[in-house]
Amino acid sequence: MNIVVAMKQIPDLQQVRIKNRKPILDDVPLTFGNIDRNALEAAVLIKEQVGGSVTVVAAGKEGLEDTVKEALAAGADQAYLIICNEQEDIESSISAKLLAEAIKQLGSVDLVLFGEGSGDNYSSQVGSRVAELLDLPQVGYVERIELTAGELVVTRSLEDGKEVVQVALPAVLTVVTDLNQPRIPSVTQILKAGRKPKKVMSDQELLGAVPTPKVKTLSNLAPEIKRKQIQVGTAVELVEKLQAEGFLGRA
Amino acid sequence: MSLTTGLKSKLGLNVFKESSKFHIRIKEGKEKDPRLQKAVLVCPAGLYSQNPEGEVVLSSDGCLECGTCLIACGRELLDWEYPEGGSGVQFRFG
Amino acid sequence: MPYQNENDGFEVIVVGGGLAGLAAAYILADRGVEVLVLERGDYCGAKNVTGGRIYLNPVREIFSQLLKDAPFERHIAHEEVSLFAASRSLTLRYDGSELGDPPYQSYSVLRAKFDRWLARQAEKKGAMLATKSRVDDVILENGVVKGVRAGGEELRANVVIACDGVLSLVSERAGLRKDIQPQYYAVGIKEVIEMDRKAIENRFNLEGEEGVARLFMGDVTAGMFGGGFLYTNLDSISLGLVVSIKDLLENQREVIVSDLLERFKQRSEVSLLIKGGETVEYSAHVIPEGGFNALNSLYGDGILVAGDAAGFALNIGVTVRGMEYALASGYYAAQTVLHAREKGDYSRATLGLYRQLLEDSFVLKDFKSFRDALSVLNSPRLFQHYPELLGNILRDLYWIPPGPKDRLYSTVRRYLGVREVWQALGDVRRMSKI
């Protein structure tokens, strides 16, 4: 089974500081989103079960070749990298075009896995858009994947229940984080990752002309935290204020 | 602001990556050892405290992995290892 | 049979991607040696803390090319020392042309940035780096180190260089460490306080990328052995304390180390310096400051020890040094491995060259010169009595009373009785050892 996992290079979100309500991205290490890792782990588990190959298709900026080593160490066999240095953040519709084009070039693909949303923007669009561009069925919110005789039985995690569906291959699945626990690569796997095959393309090389983004981020501000700074003189007063604020006296 | 809450909020500035288990453990039966009580004074993150029963307890949030408690108490009192790779504190400035 | 390719094992495994480990890996990779660096942090520098200043003169020659483009913060062009009494202080500022003119003697530095950069330089030379990889044990066969265990894997090598910091599990497991003695260790705690670049330059009277290093002694550590420090970085200030762990353990007032730093920050002399700044990180680390007498074994069969792991940090009163010893010991460890590789022999006897190289260099020469520094400096008189005494003398000199003022000579004389002078002479005599 030839499986493609789409992964987005994002800043390590735990390392991002907020200053004057804006995120500081300088020197923040680049990595993949956690859900992307779940998607990769699912692909590697299927490969280990039935054989085949796992290809990571990733879009990102310079340094992507380094970032992708994580995925290659965690079990992917090869990588197809799309470097988009021009754009600040890639719009979902453009990401989808880039990924779909790359997947087409890979030839016969049985299964394409995405995280339900990217770790940074979480637009949750790209998986569905790629399925549309490739004319493939898509199933979202996947928390369990079973493979039986050329078909997938997939459990979807919904707000008030679980839905089990059968999907014919090839197909696109977008997965949630409950799916599995991604493996931690060993040192040997980390070292071997550097020697696995990688194909590197720029967005222009891949699409000819890259479409102009139609969605523009105007601002990206952290919520303002305002503390009430109420002063109290006595314990009785404190209890009164807390009651007034609704922190005390509720069941 | 009391010094203790100040310390907690200072630790909150750091990046801590989750670990599957905490990497320092007080050895069984040593909770009341007087040498262990000194860990309360030396831990820069204030992770050691004494409970009403006189036992020293260790909280696992915000360990700076500095090693001071190990130097102070030794392996006789503490099971001490580094957190697994890629977990624990990750200094942004250092 | 020594390993030549990684299917059987590596030529060299370096445990710990700090300054010592990366310096060794950089030199070895440059000479075409297969070297693997194992770092437990997300990136090199993620677990490292410095006060932070690095002195370049001792290592300028051995790393002439490398250090030219290093991402240092500010070159230290001004030195200040403050003696803190309980409610007064005295500050001396030293400006010298040798500090202000290139090549600069020392720089402030932040390790997360610096070590990540150094790791990239080593990788460019061909060193292999595995981050997020903790070493759990050494492979020991008949007393010979054959490699390490990490994440359930055995990684074999001709030689292991233990650069895993002050607590060095690797050298402990290899049987090279002395028992832990708290008097040989200090704890350093630090805040990085972000501040506008221009504000830093104005506040500390700095021109461009000049920086200042400030040392604080006395009440800062409640009389315990240690001191406070302040270094200006490009866009931040590193402010912290170093305190003897033994003194903390024995302090009768039960002063808590983190409170010391808060009190230090609240001193008006200090709070003015950091006003308007925002703390962005709080860090701490143990410092091996026992000097020559506390050094661990530096080598064994199949193993070399460098940096803090060996105990290469030195408290000489006016400053605590460590990073240049780490870089240099990494360099000499690499030279030793190159020699052993030529002989095809990694036994203790061959690796003994490491000790010789260090003896001939500034590293062990410094450690011998300052072997008594700790015992001489660790005197409560230095950290409590003299700051108070000087503070009191100055208070009386500057004091204009409502009535007639005493003559200056008798003001000073009042504090310097026969007993005081006699004791001071004794202290000075003891100082002659360092």
Side-chain angles (χ1 to χ4, degrees), chain A residues 9-34 36-37 40-41 44 60-76 119 181-196 198 222 224-225 227, chain C residues 5-10 13-15 17 34-46 71 110-117 119-120 123-124 126-136 147-157 192 194-196 234-236 277-281:
Chain A
Q9 183 196 37
I10 59 167
D12 180 343
L13 298 177
Q14 276 186 274
Q15 291 278 354
V16 178
R17 292 190 295 134
I18 306 292
K19 189 180 174 185
N20 299 329
R21 296 178 63 203
K22 287 187 187 130
I24 299 180
L25 298 172
D26 305 342
D27 292 333
V28 171
L30 295 167
T31 180
F32 292 119
N34 285 334
D36 292 9
R37 292 168 205 269
L40 175 64
E41 179 66 23
V44 175
K61 295 185 199 326
E62 135 192 42
L64 184 56
E65 278 185 73
D66 228 25
T67 310
V68 83
K69 277 190 201 161
E70 280 181 47
L72 293 168
Q181 185 67 44
R183 68 193 63 193
I184 295 162
S186 70
V187 172
T188 315
Q189 284 165 331
I190 294 171
L191 297 178
K192 283 185 180 151
R195 289 195 295 272
K196 287 185 177 177
K198 284 188 289 263
E224 233 170 327
I225 302 169
R227 296 198 164 81
Chain C
N5 77 70
E6 74 184 69
N7 292 328
D8 328 305
F10 302 86
I13 290 178
V14 173
V15 183
E34 180 197 57
V35 53
L36 167 65
V37 181
L38 298 172
E39 164 58 41
R40 68 188 182 88
D42 269 11
Y43 41 85
C44 288
L110 291 167
R111 295 289 299 276
K113 195 203 273 180
F114 188 80
D115 292 27
R116 261 169 94 184
W117 170 83
R120 273 198 300 280
E123 276 188 291
K124 276 189 205 157
M128 294 175 279
L129 171 66
T131 55
K132 305 182 190 182
S133 301
R134 180 187 69 182
V135 168
D136 303 319
V148 298
R149 292 189 180 84
E153 266 189 315
E154 282 207 344
L155 302 165
R156 302 180 84 85
V192 176
E194 206 167 46
M195 201 182 283
D196 178 67
L234 285 171
D235 304 293
S236 63
E278 191 189 349
T279 300
V280 289
E281 186 166 273

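Since the structure is predicted, the reported quantities are computational estimates derived from the model, not experimental observations. Just so we're on the same page: letters track the sequence lines, and every chain starts at 1. Keep in mind that the numbers below use all heavy atoms, side chains included, and drop hydrogens, waters and symmetry copies.
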Between Glu153(C) and Val187(A), is there a donor-acceptor pair closer than 3.5 Å when you use the side chain of the first and the backbone of the second? yes
Could you tell me which of Ser186(A), Ala193(A), Gly194(A), Ala73(A) has the largest number of non-hydrogen atom pairs under 4.5 Å with chain C? Ser186(A)
Exceeds 12 heavy-atom contacts within 6.0 angstrom, atom CD of Gln181(A): no
What I'd like to find out is whether the side chain of Leu155(C) reaches to under 4.5 Å of the side chain of Thr188(A), using heavy atoms alone. yes
Inter-residue atom distance Met128(C).CE - Ile190(A).CD1, 0.5 Å rounding: 12.0 Å
With side chains defined as the heavy atoms from C-beta onward, is the minimum distance between Asp12(A) and Tyr43(C) less than 4.5 Å? no
Checking an interface table here. Which of residues 16-29 of chain A come within a heavy-atom distance under 4.5 Å of chain C? Arg17(A), Lys19(A), Asp27(A), Val28(A), Pro29(A)
